[in-house]
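Nothing here was measured: the structure is a model prediction, and the numbers come from that model.
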Amino acid sequence: MKHPCKYHPGTQALWYCAHDGLHLCQQCVDGDEALRMEARCLLCNNDLAPVGQDQVGPLWQRLDSYLRLPFALSLLPLLAIWAVLAALLPPLWMMAPVALIAGLPTFAFCAALMARRAGPRKSRKAALPGWDCLGESAAWQSALWQALPAVLIVALAGFLMVAISVPAGLMVLVAGMLLVPALWLAVLVRGAAPGAYVAAATYIVSAPRDYGVAAGFASLGGVLVVALLAVAMDVLPLPLVQGLAGLLAGWWWLVLAGLCGDVAARHGRLWGLNQGGRRVTQPLAERRQRTQLCAGRFDKVLLTTAKVIKTKKATVGDWHHHDRLLAVLVKDEERAALVEPYLDVLIRADAWSDSLALVARQRKRDPQWLPGAPVLRLALAEGIYEREPKLAVSLLKDLHDKHPDFVDLGEAYLLLAKVLAEQFGLAGKAEQYLRFVESHCRDARLRQKVSECRLAWG
C-alpha cells in the first residue's frame, strides 16, 4: 500500500512512527551527513520503521524472502557452478581449495549484492546485480576479505570435528559464525582491508535486533548445513554429497549476503554510508521544531526553546523564536517576565532596532516601564541616544536616587549631560550633572571628560 507523507502529500512515505502513526518521506527525516544518525520521528523522537516495499517490518518477519533469494533465475547459475564442480572433484581433502575456487563467483556476487542494497537508493531499483559485477575489482576485493573469516571458521571447525570430536567442532562453528555478519559489514562499511575487522563490534552494538537475525541465521544455518550433509553421507554417494555441499554453501552465502545488505541499508546512515539521501544543512533540532509546529505541538516546542534560552549558547534567533511562541500561546505573563533577559541579549548583539521595538512593546503595556538593572539602562542608552534621545534621558535620570551604589554612575551622568546639551540644547541642565560627577566621582579620567565637555559646549 502506498502511504502519502503527512508533510509532503505528493511524496510517498518511506518511514512511519508506531507511536504517533505518522507516515513521513525521506525529505522529512533525512539529516545533515555529519549527524549520521538513525531515522527518528520529528515529533516524539522515537525510532522510525521503514515502510518501503523492500523494507517492511523486522528482518525476522521477512526470512522467507531471504531464503528464496538464491533461487532467483539470475542466481541459479552460481549455485549450479559450485555444486557441479564440487561433485566432479575427487574425494580428497587436498581438493577442498579447488572447491572453494568454484565458489568465487558466488563470493563476488554476494559482495556486489550487499553494496547494492546498502548503497544509494537509486542503485536499489535493480534488485540483484548483473553478471557484469564480476568484472569489478572492488567487488572481488570485498569478496575475498569477506570470504576469509568464514572459510577459516569452517576449516577450523572441520579440523576439530576430525581431530578431536564433533561437538567441539560444532561449538567453534556456532560461536564463530555469530561474528561473520559483523566482519562482512565491517568490510562493506570500512573497505576491503584487514583493519576493517577491528570495527566489527560497532555493528553488533548499534543494530542489535537486526544483527541478531543475521547472526542467528549465520550460526544456525551453518549447523543445519553440516547436519544435512552428515545425513546425506549415509544415504547418498560421495559425489552427490559433495555437490550438495556446494549447493548448500552457495545458498547459505547468498541468504546471509541479502540479510547483511538490508541491515546495512537500515542502519547505514548511522555508520556513515552514502545512501544518496537529500543533503539537508538545517540542524536536526530546527527541523524537528518545524515539524512539531506543523503538527500543532506548540507546548512541546515551547519546552524545548525554554531549555535553549537558558544556555550560554542561545542566540538572538532562539530568543526571538521563544518570544513568538509565547505570543502565539497568549502567555503574556511569562513573556513579560522575560523582557529584561531578552533585552540584555539584544543589547549584547547590538540589535538596537529590535531593542527599541521590545521596549516600545513593554511601555505600551505599562507606560512607566523601564529596565530595572542600571547596567542594562546604561548599555541601552549608549546604543540608542542618537535616535531616541528622550528615551535615553528617561533611562539615565535620577539614577543616583534609585541606584546610589551603581559603579558606573559617573559614566551614566556624563552620557546624560551629553544628550541634554547636544540633542536638546540644555547646556544649563547638563552642567548640573557635570557638577554631580565632579563632586561625587574621584576618577581622574571622569574629571578630564567633564573638562572636555565644558570646552566643547562653552
Kindly compute the distance separating CG (L391) from CD1 (I384), expressed to the nearest 0.5 Å.
4.0 Å
Evaluate side-chain contact (heavy atoms from CB on, under 4.5 Å) for I164 paired with F159, printing each intermediate quantity in order.
CA-CA 8 Å; I164 301 178; F159 173 78; 6.0 Å; no
K313 vs D318 side-chain heavy atoms within contact, under 4.5 Å:
no
Y342 (side chain) donor-acceptor with W319 (main chain) under 3.5 angstrom
no
Return the set of residues passing salt bridge (charged side-chain N to carboxylate O under 4.0 Å, His left out) with R445 (not counting sequence neighbours), or none when no residue passes.
E411, D443
So, for A214 and L256, which heavy atoms are closest and what is the spacing to 0.1 Å?
O-CD1, 3.6 Å
Run the side-chain contact (heavy atoms from CB on, under 4.5 Å) check on M161 and V226 step by step: do they pass?
CA-CA 11 Å; M161 288 181 190; V226 172; 4.0 Å; yes
Does any part of the side chain of V359, heavy atoms only, come nearer than 4.5 Å to the side chain of E388, both counted from C-beta?
no
Between the side chain of T304 and the main-chain N/O of K300, is any donor-acceptor distance below 3.5 Å?
yes
Worked check of side-chain contact (heavy atoms from CB on, under 4.5 Å) between D332 and V330
CA-CA 6 Å; D332 295 333; V330 198; 4.1 Å; yes
Working to the nearest 0.5 Å, report the span between OG of S219 and CG of L224.
9.5 Å
Kindly give the heavy-atom pair with the smallest separation between V255 and P70, and that separation in Å.
CG2-CG, 3.5 Å
Would a 4.5 Å heavy-atom cut-off, applied to side chains only, mark F406 and L378 as touching?
yes
Given side chains that start at C-beta, do those of L220 and M177 come closer than 4.5 Å, heavy atoms only?
no
R361 side, atom CZ; D366 side, atom CG - distance, nearest 0.5 Å:
13.0 Å
Begin with the C-alpha distance, continue with both residues' side-chain angles, and end with the deciding distance and a verdict on side-chain contact (heavy atoms from CB on, under 4.5 Å) for D354 and H320.
CA-CA 10 Å; D354 291 337; H320 179 69; over 6 Å; no
Heavy-atom side-chain proximity of H322 to V308 below 4.5 angstrom
no
If you look at every heavy atom in A349 and V316, which pair is closest and at what distance?
CB-CG2, 3.5 Å
So do the side chains of P181 and L259 get within less than 4.5 Å of each other, counting heavy atoms only?
no
Taking all non-hydrogen atoms of both residues into account, name the closest pair between A373 and E340 and its distance.
N-OE1, 3.9 Å
Answer yes or no: is there a side-chain heavy-atom contact under 4.5 Å between D408 and V375?
no
Between L343 and P371, which heavy-atom pair has the shortest distance, and what is it?
CD2-CG, 3.7 Å
Does the T305 side chain pair with the main chain of V301, one donor and one acceptor, at a distance under 3.5 Å?
yes
How far does CG of L325 sit from NZ of K331, to the nearest 0.5 angstrom?
10.5 Å
Short question: side chain of R363, backbone of W369 - any donor-acceptor pair under 3.5 Å?
yes
Just by distance, do the side chain of E334 and the backbone of L326 share a donor-acceptor pair under 3.5 Å?
no
Keeping the roles fixed (side chain from H403, backbone from G372), state whether a donor-acceptor pair exists under 3.5 Å.
yes
Taking every non-hydrogen atom, the tightest pair across S355 and L346:
OG-CB, 3.3 Å
Do R387 and L356 have side-chain heavy atoms sitting under 4.5 Å apart?
yes
Rounded distance [0.5 Å steps], CG in L338 versus CG in D323:
8.0 Å
Check the angle between the aromatic planes of F217 and W252 and answer parallel, tilted or perpendicular using the 30° and 60° thresholds.
parallel
For the CG atom of L395 and the CD atom of E382, what is their distance to the nearest 0.5 Å?
11.0 Å
